[in-house]
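Notes to accompany the following structure.
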Amino acid sequence: MTASEIKKQDAQNVMQTYARYDVVIERGEGATLYDPDGKKYIDFTGGIGVNSIGYGNKKWADAIYEQAMKLQHISNLFLSEPYVRLAKTLTKRAGMENVFFANAGGEANEGLIKLARKYSFDKYGKGRSTIISLVQSFHGRTITTLAATGQEAFHNYFFPFTEGFLHIPAHDINALNAALTDDVCALLIELIQGEGGVIPLQKEYVAEIAKICKEKDILLLVDEVQTGVGRTGSLFAFSQYGIEPDAVTFAKGIAGGLPMGGIMANEKCSKVLTAGTHATTFGGNPVAAAGAIEVLNQLDDAALCEVTKKGEYIKGKIIGWNDPLVGEIRGLGLMLGISIREREGWPKPSAIAKKCVENGLLILTAGSDAVRMLPPLTITYDEIDKGLEILKAVLDSFK
Ligand SMILES: *Cc1c(COP(=O)(O)O)cnc(C)c1O
């Protein structure tokens, strides 16, 4: 099909829920993508933080091919090796007790919310079910995870939303203390708010809320759907914050591009979800698990060190531009947001991203003020330089 045929078919038979760019991607290599005409794009999006080990990764492709030929799915009525191996590596490296495998971030967070409420129900009985989350957070697109999401723009159309969520501003301990009434069972946070604008929480604040949660037996739930699996330079961001969450969700980058997500629990929460209380047909799928094992193989300590170095390299280059359009650069590792200054006649982040795409650089936006980067973690310095060159030329073109 030609690009224009694909576009026409999309409009005809696909629900128009996405404001897509006018670009068809056919294949990729490393962190470089190609359209059907061979036009080249540097990829600073990683499929929105999913393609953690890049495109055309032969070892990863071989692992999923071999698993697909052996056994592609068997259901959770039976045991199989891939998800067990993955569970062992993942929990060991994360320092968590056990894991439930799901298929995406929103679904993982649904399970996380169930876990928190059941923990409290088992121990304290009914009525202690409220979950506090942060203003500007994003936790998913299901009715319940939309309710958990602390951005008012998401609380529309689909009424009634699930009850029992309260949103408080970050970095305000008084707001937290005021919200901690007897009906609260958990606090749900992203350590770096991704969709909200790449906004990192301050370490002192996180340490303080972790302490308060522990004292009151309020579960500390960390949504690492975007920050997890090496994105910030450690396997999970919570280790850089020096906290021990009760439960953590992950998804996006875990299987290198195949759909997978999940919940990890600490010892205290490891037995909350019991037989019959939670399930999902595709959970722990052997092919996705084989892909994830290979992702974790490739994201060893040396590779994670590189993620931090590449992030610092990008930050340093952009700061060195001294570009008037650029405000601050936020984030950790290869989860970076460049805030774009707001002035009369200056471009919005969306206009910058659009022009970047036209010029051969795929890049994201986040929140109201940021251009966001979530490139494959294996991106090369050469690809970074080429991408940044395009970004700089685009910024200059607005002056
Ligand atoms: C992307 C994202 C989600 C939703 O994940 P899906 O796989 O789209 O359901 C949830 N939380 C965070 C922090 C995310 O970045």
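Whatever order the structure lists them in is the order used to number ligands and atoms, beginning at 1. What you see is a predicted model, and the numbers here were worked out from it, not measured in a lab.
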Between [X] and [Y], do the side chains contain an N or O donor and an N or O acceptor separated by less than 3.5 Å?
| X | Y | result |
| --- | --- | --- |
| Thr227 | Glu190 | no |
| Asn57 | Gln298 | yes |
| Asp183 | Thr181 | yes |

Got an N/O contact under 3.5 Å between [X] and ligand 1?
| X | answer |
| --- | --- |
| Glu190 | no |
| Ala251 | no |
| Glu107 | no |

Would Lys355 and Phe398 count as a cation-pi pair here, with the cationic atom under 6.0 angstrom from the ring centre and within 45° of the axis?
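Yes, Lys355 lies over the aromatic ring of Phe398.
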Nearest neighbour in protein (non-hydrogen) for [atom]:
| atom | value |
| --- | --- |
| atom 4 (C) of ligand 1 | Gly106 N, 3.6 Å |
| atom 2 (C) of ligand 1 | Lys252 NZ, 2.5 Å |
| atom 11 (N) of ligand 1 | Asp223 OD2, 2.8 Å |

Anything under 30° is parallel, anything over 60° is perpendicular, the rest tilted; go ahead and classify Phe161 against Phe159.
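Taking Phe159 first and then Phe161, their aromatic rings stand perpendicular (interplane angle over 60°).
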Parallel under 30°, tilted from 30 to 60°, perpendicular over 60°: which one fits the rings of His278 and Phe100?
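Aromatic pair His278/Phe100 classed tilted.
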Within the protein, is there a heavy atom lying under 4.0 Å from atom 8 (O) of ligand 1?
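So atom 8 (O) of ligand 1 lacks protein heavy-atom neighbours under 4.0 Å.
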With side-chain contact (heavy atoms from CB on, under 4.5 Å) as the criterion, how do Thr32 and Lys386 come out once you've worked through the C-alpha distance, each side chain's angles and the decisive distance to 0.1 Å?
CA-CA 10 Å; Thr32 305; Lys386 282 185 180 141; over 6 Å; no
Heavy-atom distances under 4.0 Å are what count here, so tell me which part of Asn109 touches ligand 1: side chain, backbone, both or neither.
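Asn109 to ligand 1: side-chain contact only, backbone stays beyond 4.0 Å.
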Is it the side chain, the backbone, both or neither of Arg141 that has a heavy atom closer than 4.0 Å to ligand 1?
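Neither part.
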May I ask you to list the atoms of ligand 1 that are less than 4.0 angstrom from any heavy atom of Ala104?
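Heavy-atom distances to Ala104 below 4.0 Å select 7 (O), 9 (O).
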Which of the numbered atoms in ligand 1 are under 4.0 angstrom from any heavy atom belonging to His139?
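Under 4.0 Å from His139, ligand 1 has these atoms: 10 (C), 11 (N).
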side-chain contact (heavy atoms from CB on, under 4.5 Å) partner of Leu361, the single match among Asp43, Ile390, Leu388, Thr45:
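The passing option is Ile390.
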